[in-house]
Amino acid sequence: MYQIINFKVHGEHDGRLIALEEMSADVPFEIKRIYYIYDVRDGLRRGFHAHKKLKQLIICVRGSCKILLDDTKNRDVIELNSPSIGVYIYQPLWREMYDFTNDCVLLVLASEHYNTEDYLFDYKEYVRYLGAADV
Ligand code: T46
């Protein structure tokens with residue numbers, strides 16, 4: 001349901017550069033939307049939803065935060081603390097993001113335009129959806 005992707009980092013002494021291309025091993029979908037989350041207040045938790053169809057690659061390009069991924073059987077917590085790591089979520093997966101550092105910038109590449117119909121905002125609804133859907 002998700003995969004940790006390690007990006008190739010170019011350069012060492014003069015700074016670093018990471019290049020991401022759509023429809024590649026790093027970004028296995030067409031990018032229709034990009035958004036970023038920053039200035040998250042201390043102690044705040046975000047997310048609390050799953051997506052039906054949306055695929056996303058989540059990258060912490062600065063600072064750090066944690067992301068909890070819950071497939072109703074397992075709850076994994078991933079610390080995002082490097083711009084060279086991405087979490088690729090490709091199936092419905094409940095997510096919560098927390099422990100944002102003040103400087104944290106969370107960059108997200110998404111396979112679809114913003115559509116509230118694709119969200120499962122309620123955990124029980126998410127469990128029902130998994131039971132009914134062929135995912
Ligand atoms: C996800 C996690 C990682 C828009 O107008 N367009 C957008 O593309 C997005 C993503 C959000 N918004 C609006 C909707 C809300 O009024 O921005 C506001 C905050 O969005 P939300 O509360 O959904 O943010 P998070 O951090 O809880 O979740 C977001 C994404 O929505 C979600 O797809 O996987 O980041």
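Just so you know, ligand 1 is whichever comes first in the structure, and atom 1 is the first atom listed for that ligand. Atoms considered below: every heavy atom in the structure, side chains included; atoms not considered: hydrogens, waters and symmetry mates. The shown structure was predicted, so the numbers you read here are calculated from the model rather than taken from an experiment.
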Measure from atom 20 (O) of ligand 1 to every heavy atom in Arg95, Arg46, His51, Arg45 and give the option owning the shortest one. Arg46

Below 4.0 Å from any atom of ligand 1, is there a heavy atom belonging to His113? no

Quick one: does Tyr119 get a heavy atom under 4.0 Å from ligand 1? yes

Heavy-atom count around [X] [atom1] within 6.0 Å, excluding the residue itself: above 12?
X	atom1	value
Arg45	CZ	yes
Tyr35	OH	yes
Arg62	CZ	no

Any donor-acceptor N/O pair, [X] side chain to [Y] backbone, under 3.5 Å:
X	Y	value
Glu22	Ile31	yes
Tyr90	Met1	yes
Arg46	Leu44	no
Lys52	Glu117	yes

Does the protein put any heavy atom within less than 4.0 Å of atom 6 (N) of ligand 1? yes

Heavy atoms of the protein only: does one fall short of 4.0 Å from atom 17 (O) of ligand 1? no

In terms of residue, atom name and distance, what is the protein heavy atom nearest to [atom]?
atom	answer
atom 3 (C) of ligand 1	Met97 CE, 3.4 Å
atom 35 (O) of ligand 1	Tyr35 OH, 3.3 Å
atom 11 (C) of ligand 1	Tyr114 CE1, 3.7 Å
atom 8 (O) of ligand 1	Arg33 NH1, 2.6 Å
atom 32 (C) of ligand 1	His49 NE2, 3.0 Å
atom 27 (O) of ligand 1	Gly47 N, 2.9 Å
atom 34 (O) of ligand 1	Gln56 NE2, 2.7 Å

Check the side chains of Tyr123 and Asp70 for a donor-acceptor pair under 3.5 angstrom, ignoring hydrogens and angles. yes

Where does Ile37 meet ligand 1, judged by heavy-atom distances below 4.0 Å: at the side chain, the backbone, both, or neither? side chain

Do the rings of His49 and Phe121 sit parallel, tilted or perpendicular, given the 30° and 60° boundaries? perpendicular

